[in-house]
Amino acid sequence: MPTQTEAPAAATAQELRFPPDFWWGAATAAYQIEGAVADDGRTASIWDTFCATPGLVVDGHTGDVAADHYHRYREDVALMREIGLSAYRFSVSWPRVQPGGRSGENPAGIAFYDRLVDELLTAGIKPAATLYHWDLPQELEDRGGWPARDTALRFADYAAVVAARLGDRVKLWCTLNEPWCSAFLGYGAGFHAPGRKNPADALLATHHLLLGHGLAVQALRAAVPTAQVSIALNQGAVRSLTDSAGDRDAARRIDGLLNRIYLDPIMTGAYPADVMADTAAVSDWSFVREGDLAVISAPIDALGVNYYAPDLVSAAATPHEEPSVYPASQDITFHQTPGPRTEMGWTVDPTGLRDVLIGVHRRFPDLPLYVTENGAAYDDQVDADGRVRDDERIAYLRAHLAAAHEAMTAGADLRGYFVWSLLDNFEWAFGYGKRFGIVRVDYDTQQRLLKDSARWYRDVIHAGGIAA
């Protein structure tokens with residue numbers, strides 16, 4: 001873990017400066033960019049299966065080719081170096097390293113990440129590896145997936161394999177990316193792979209994802225005692241529509257199911273009592289075994305925070321008939337937060353990032369933080385002169401970096417910021433219609449093009465800060 005040698009300079013009329021050892025990064029995920037889904041022994045993940053099911057992904061898109069990063073990683077690392085990144089967060093494909101979820105290692109699969117890490121280090125870029133960004137081997141899903149306890153044990157075996165090969169060079173490990181999405185969108189609402197719709201399974205998956213995290217922490221530390229370990233949570237700013245008791249309670253409940261259900265077991269060794277009570281109609285939580293929470297709460301070195309937009313909620317006058325993304329919350333209504341929106345329909349509100357970082361810092365003041373994802377999709381167009389003038393994205397990133405700086409001046413120990421995303425990519429159930437990258441990818445030719453936002457980010461990195 002880098003030592004923060006200098007606090008951020010106070011805001012001036014000219015600039016907001018960040019510490020000299022601040023990590024300026026970008027992030028991606030394996031299934032979203034790699035392609036090569038059948039190369040070198042890789043087998044299907046739940047996302048391959050989900051994409052092959054008609055009607056689940058926009059226009060029937062798949063990650064079969066994506067941005068072809070598997071074959072073009074050297075070109076992509078050269079772009080990272082051109083931008084000036086000091087860190088790159090990537091994810092490892094579980095079915096590439098352990099085809100079918102079987103024990104042991106696939107030499108050809110793990111060799112790709114060996115080459116990638118070496119290429120990054122040669123370019124002077126710190127590798128930050130995420131072990132799980134949603135691509136569960138299909139065979140493990142067939143045996144129960146994350147609602148099955150055995151999947152957590154298999155994940156620990158996989159973590160040990162990756163740590164043994166890459167642990168001497170990876171500078172920061174992230175066990176899981178957004179377990180809320182894996183559990184609630186994948187098993188509760190069916191919007192993400194594997195597409196199940198069972199609130200009880202969402203809570204089972206939540207626990208076993210967290211257990212897998214704790215077991216992976218053990219495996220990482222066993223393989224690399226000096227490993228710096230984190231987890232990336234999509235911590236959100238949950239706000240009530242009004243100050244009424246009902247609306248405030250709705251915000252408490254969603255905060256519990258979005259934020260505290262994941263952060264509290266990791267940091268305090270206990271699930272929030274109010275969350276367990278709120279979900280009693282869905283589960284009795286008997287799946288939590290003696291010793292599980294001690295494993296889950298193994299100390300971490302940092303917390304990754306993924307942030308895009310806040311939530312605005314109220315108590316519903318009558319319960320909704322349709323299932324909710326959140327278990328036992330059909331009597332809560334979600335509202336569009338005021339403000340401009342991205343192409344995803346998400347409100348641009350950087351105060352949410354500030355509030356999340358300060359909120360985590362106040363609860364756990366000694367916990368180093370990274371913004372492991374933050375970015376926006378816009379309808380980028382290539383102009384006649386070959387430029388992508390994505391001014392909206394630049395404004396988005398500038399505002400969120402200013403919010404992060406504000407949190408730092410309030411005491412948050414923020415060590416780095418990773419733009420989502422380095423490349424335009426496969427945006428899950430939305431297919432290729434949503435572009436998040438600071439580098440444009442022409443999916444027909446695989447040609448890369450630095451957008452204006454990439455050039456702006458390069459200048460920010462060079463300056464070590466942004467204009468106030």
Side-chain angles (χ1 to χ4, degrees), residues 178-181 183-185 188-189 199-200 202-203 206-207 210 233-285 303 305-341 345-365 367 369 374 399-400 403-404 406-407 410-412:
E178 297 183 354
W180 180 90
C181 290
F184 285 58
L185 299 183
L203 295 177
T206 289
H207 181 64
L210 288 173
L233 302 179
N234 45 328
Q235 294 284 283
V238 183
R239 295 160 177 170
S240 61
L241 182 65
T242 74
D243 198 41
S244 71
D247 288 1
R248 284 188 283 108
D249 191 60
R252 175 198 62 77
R253 289 167 58 191
I254 297 303
D255 173 68
L257 288 167
L258 174 62
N259 297 321
R260 292 181 287 114
I261 194 175
Y262 295 100
L263 187 57
D264 283 26
I266 294 168
M267 296 304 299
T268 72
Y271 284 105
D274 65 319
V275 173
M276 298 175 75
D278 290 339
T279 56
V282 174
S283 175
D284 62 4
W285 290 77
L303 176 70
V305 172
N306 293 0
Y307 173 83
Y308 292 95
D311 288 305
L312 185 65
V313 299
S314 70
T318 58
H320 305 290
E321 293 184 4
E322 68 276 8
S324 172
V325 170
Y326 292 87
S329 62
Q330 286 176 264
D331 56 347
I332 295 174
T333 297
F334 284 77
H335 303 268
Q336 180 70 45
T337 306
R341 302 183 192 181
W346 300 342
T347 303
V348 179
D349 187 345
T351 66
L353 177 60
R354 175 202 65 199
D355 292 350
V356 165
L357 294 173
I358 292 175
V360 174
H361 164 69
R362 286 176 177 167
R363 291 195 67 199
F364 308 106
L367 181 62
L369 303 173
N374 178 239
H400 285 78
E406 188 175 353

- Any side-chain heavy-atom pair of W346 and T337 under 4.5 Å: no
- Message: If we ignore hydrogens and angles and just use 3.5 Å, is the side chain of H320 paired with the main-chain N or O of I332 as donor and acceptor?
- Response: yes
- Item | Test log, rule salt bridge (Lys or Arg N to Asp or Glu O under 4.0 Å), inputs D264 and R363 | CA-CA 10 Å; D264 283 26; R363 291 195 67 199; 2.8 Å; yes
- In terms of ring plane angle, is the pair F334 and Y326 parallel, tilted or perpendicular, where the classes change at 30° and 60°? parallel
- Item | Minimum heavy-atom distance P350-A399, with the two atoms named | CB-O, 3.6 Å
- Applying salt bridge (Lys or Arg N to Asp or Glu O under 4.0 Å), run through R239 and D311 and close with a yes or a no. CA-CA 6 Å; R239 295 160 177 170; D311 288 305; over 6 Å; no
- Would you say the side chain of Y307 lies within less than 4.5 Å of the side chain of N234, judging by non-hydrogen atoms? no
- Query: V348 versus R341: any side-chain heavy-atom pair under 4.5 Å?
  - Reply: no
- Item | D274 vs R253, salt bridge (Lys or Arg N to Asp or Glu O under 4.0 Å): CA-CA, chis, key distance, verdict | CA-CA 8 Å; D274 65 319; R253 289 167 58 191; over 6 Å; no
- Message: When you compare the side chain of T279 with that of W285, does any pair of heavy atoms fall below 4.5 Å?
- Response: yes
- Message: Does this structure show an ion pair linking D255 with R248, if we count only N-O contacts that are shorter than 4.0 Å?
- Response: no
- Message: Hydrogens and angles aside, do Y271 and H207 bring a side-chain donor and acceptor to less than 3.5 Å of each other?
- Response: yes
- Query: Any side-chain heavy-atom pair from V282 and L203 closer than 4.5 angstrom?
  - Reply: yes
- Is it true that the side chains of S324 and S329 contain a donor and an acceptor less than 3.5 Å apart? yes
- Does some side-chain heavy atom of F184 sit less than 4.5 Å from a side-chain heavy atom of T206? yes
- Task: Verify the distance criterion only: is there a donor paired with an acceptor across the side chains of T351 and D349 at less than 3.5 Å?
- Result: yes
- Message: Within the structure provided, determine whether L303 and L263 are in side-chain contact (heavy-atom separation under 4.5 Å).
- Response: yes
- Task: Starting from the C-alpha separation in whole Å, work towards a yes-or-no answer on side-chain contact (heavy atoms from CB on, under 4.5 Å) for R252 and R260.
- Result: CA-CA 10 Å; R252 175 198 62 77; R260 292 181 287 114; 3.9 Å; yes
- Hey, are the side chains of V313 and L241 touching, using non-hydrogen atoms and a 4.5 Å cut-off? no
